[in-house]
Number of protein chains: 2
Amino acid sequence: MNRAATTPSPTFSPLYRQIKDLMVRSLELGEWGPGDAIPSESELAARFSVSQGTVRKAIDEMAAENLLVRRQGKGTFVSTHNDPRSLFRFLRLQPNEGEIDQSISEPVECWRAKAGQDVSRVLGLAVGTPITILRRLLSFDGEPALVDEIYLPSDLFPDLSLDVLQHNDMSLYRLYENRYGVRMIRAEERIRAIAADKVNGELLKVPEGSPLLLVERVAFTYGNKPVEWRRGFYATNRYHYFNELS
Amino acid sequence: MNRAATTPSPTFSPLYRQIKDLMVRSLELGEWGPGDAIPSESELAARFSVSQGTVRKAIDEMAAENLLVRRQGKGTFVSTHNDPRSLFRFLRLQPNEGEIDQSISEPVECWRAKAGQDVSRVLGLAVGTPITILRRLLSFDGEPALVDEIYLPSDLFPDLSLDVLQHNDMSLYRLYENRYGVRMIRAEERIRAIAADKVNGELLKVPEGSPLLLVERVAFTYGNKPVEWRRGFYATNRYHYFNELS
DNA sequence: CAGTGGTCTAGACCACCCC
DNA sequence: GGGTGGTCTAGACCACTGA
């Protein structure tokens with residue numbers, strides 16, 4: 001590590017942040033894959049020629065961003081959507097009473113199209129880029145809870161089809177990660193109330209015109225690159241969207 | 001600081017967390033009030049007979065929880081709702097396009113009542129405890145955006161009335177803090193979609209039956225004590241609820 | 001037992017703010 | 001210049017895990 005880089009300057013960046021950037025790059029490039037243990041703190045300190053405390057601070061920030069998971073006595077691991085604990089990290093819908101025993105994702109449709117203005121703006125694609133659109137129904141304990149309409153750039157998810165979805169009984173983000181090597185690390189949601197149309201009303205078993213939550217999500221992978229756009233229609237008679245503010 | 005307390009034991013708690021607990025207590029007891037600078041890190045280190053690094057770690061956690069705000073070169077301060085930067089910390093509604101120039105809170109009603117089952121359960125009060133209920137309309141740039149229905153235990157907000165509200169042109173949490181010494185530090189929100197009733201429809205200038213967000217909030221002060229229950233009816237034609245997931 | 005992350009210390013120096 | 005928080009180091013020891 002070049003100490004000169006820490007010289008005061010208009011673009012001062014502390015050492016631990018430079019280390020962090022290098023480590024994030026190792027994640028992006030796949031040097032350390034999801035679920036893997038990364039080298040120990042002392043190994044990393046030696047590799048970057050800094051003290052253990054500096055490496056530690058870099059890892060602290062990455063753990064706070066859910067990029068890494070520390071496990072005392074075992075090591076530090078690249079976080080993964082295969083971990084059951086992260087299953088509900090991006091799904092804030094929960095039952096008004098009790099807990100969810102079982103959630104089932106039922107693919108409904110999957111087709112190819114060309115990106116229109118809206119999708120290309122959100123995902124940073126050129127208008128006309130091939131995209132894959134899929135619709136699926138998510139049920140909790142046998143009751144339909146939400147319908148998702150998902151827009152993906154086809155080049156990143158080449159063979160995605162209804163067949164693939166039906167033969168993979170896992171969360172979508174697990175599928176993205178395991179089959180396509182695309183890891184979602186962050187998302188933004190914009191929520192509105194709308195009236196159910198015919199299609200969603202039937203899927204969710206509510207009358208047309210019933211109030212639904214419309215949850216629009218943009219999900220990002222490493223480098224703040226948006227790779228998924230999603231419109232979720234949430235039935236909130238038995239469930240609600242939970243959020244904690246601090 | 002009694003080092004023996006750090007001896008390995010079934011209830012091991014690191015030194016910096018014990019320091020943090022002591023400091024949180026100082027906040028609860030009002031030794032350090034909102035907006036005040038707390039003692040410098042070296043002073044605190046001396047007071048608790050620990051190293052500066054240990055105090056630092058305690059402050060780090062408190063800053064992460066928005067209890068304190070660090071300002072390099074100046075000191076560490078008790079966070080306050082008087083700080084304009086924290087104005088939208090608990091209000092996640094934002095315009096679909098552009099920014100909010102001006103927000104106006106217009107009190108509509110304010111009356112006393114006795115806590116029913118729902119309020120007492122949420123706020124941890126006995127049924128029948130005196131509560132104060134108020135309704136207000138929040139407008140952004142002249143357009144009505146949301147109606148709040150707010151339930152408070154009367155003993156903590158003794159003279160709260162329509163008159164007080166009309167003569168205090170500040171955010172409610174500023175009023176709570178400045179006039180009643182109640183600081184909100186955390187909140188939970190549960191969001192559903194509902195149809196507008198007559199009253200809220202008129203206030204928000206939308207037809208009866210239009211879809212609205214119902215945002216139920218429980219807000220907590222120090223010690224995780226719930227002190228406010230709120231039902232917000234958000235019009236989401238021009239605005240949306242924004243949330244970031246990570 | 002050895003190896004990992006977690007805590008704590010003491011001291012040096014830097015960046016920022018204000019007098 | 002003197003105070004504050006911010007960074008970085010080197011070293012000691014503790015807590016947890018698994019072979």
Side-chain angles (χ1 to χ4, degrees), chain A residues 1-23 32 35-79 83, chain B residues 1-23 32 35-79 83:
Chain A
M1 176 62 37
N2 177 12
R3 256 19 167 265
T6 68
T7 298
S9 70
T11 55
F12 168 71
S13 167
L15 240 190
Y16 73 84
R17 184 139 301 152
Q18 300 174 43
I19 306 288
K20 179 187 168 193
D21 291 344
L22 291 172
M23 292 176 66
W32 306 322
D36 290 355
I38 69 170
S40 74
E41 295 181 353
S42 49
E43 271 181 85
L44 290 168
R47 168 183 325 184
F48 297 124
S49 307
V50 298
S51 79
Q52 198 203 3
T54 300
V55 167
R56 211 176 152 66
K57 187 142 190 184
I59 294 178
D60 278 345
E61 284 205 355
M62 295 172 73
E65 295 169 15
N66 288 308
L67 296 179
L68 300 176
V69 177
R70 294 171 170 292
R71 279 181 232 163
Q72 183 170 161
K74 300 174 76 173
T76 301
F77 299 78
V78 181
S79 70
D83 185 337
Chain B
M1 177 62 37
N2 178 13
R3 255 22 167 262
T6 69
T7 299
S9 71
T11 56
F12 168 70
S13 166
L15 241 190
Y16 72 83
R17 184 139 302 151
Q18 301 175 41
I19 306 287
K20 179 188 167 190
D21 291 343
L22 292 173
M23 292 177 65
W32 307 322
D36 290 355
I38 69 170
S40 73
E41 295 181 353
S42 49
E43 271 181 83
L44 291 169
R47 168 185 321 185
F48 297 124
S49 307
V50 299
S51 78
Q52 197 203 3
T54 300
V55 168
R56 211 177 152 67
K57 188 144 188 182
I59 294 179
D60 278 345
E61 283 203 357
M62 295 172 73
E65 294 168 15
N66 288 308
L67 296 179
L68 299 176
V69 176
R70 294 172 169 291
R71 278 182 232 162
Q72 181 169 159
K74 298 174 77 172
T76 301
F77 299 78
V78 181
S79 69
D83 184 339

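Side chains are part of it too, since the values below use all heavy atoms of this structure and drop only hydrogens, waters and symmetry mates. Naming: A, B, ... by sequence-line order, numbering from 1 per chain.
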Q: Round to the nearest Å and state the distance from L68(A) atom CG to dT4(C) atom C1'.
A: 15 Å
Any N/O pairs under 3.5 Å between the protein and nucleotides 17-19 of chain C? List them or say none.
residue: dC18(C); atom: OP1; partner: K74(B); partner atom: NZ; Å: 3.4

Q) Does anything in residues 53-67 of chain B reach DNA chain D, meaning a heavy atom under 4.0 Å, and if so which residues? A) R56(B)
Q. How close or far is atom P of dT7(D) from atom CZ of F12(A), stated in whole angstroms?
A. 7 Å
Q) Charged N to carboxylate O under 4.0 angstrom, E65(B) versus K20(B)? A) yes
Q) Rounded to the Å, how far apart are R71(A) CZ and dA15(D) C1'? A) 17 Å
Q: Round to a whole Å and report the spacing from CD of Q52(B) to C1' of dG6(D).
A: 9 Å
Q.
From C-beta outward on T76(B), which listed nucleotide comes closest to its side chain: dC8(C), dG6(C), dG5(D)?
A. dG5(D)
(Q) Using the salt bridge (charged side-chain N to carboxylate O under 4.0 Å, His left out) criterion, which residues pair with D60(A)? Sequence neighbours excluded. (A) R70(A)
Q: Rounded off to whole Å, could you give me the CD-to-P distance for the E41(B) and dG6(D) pair?
A: 6 Å
Q | Minimum-distance nucleotide to S51(A) side chain [options: dA10(D), dA15(D), dT4(D)] | A | dA10(D)
Q: Mind checking the CH2-CD1 spacing from W32(A) to I38(A)? Nearest 0.5 Å is all I need.
A: 5.0 Å
Q) Could you state the CZ-P distance from F48(A) to dT7(D), rounded to the nearest angstrom? A) 18 Å
Q. What is the distance, rounded to the nearest whole Å, between atom CD of Q18(B) and atom C1' of dC8(C)?
A. 12 Å
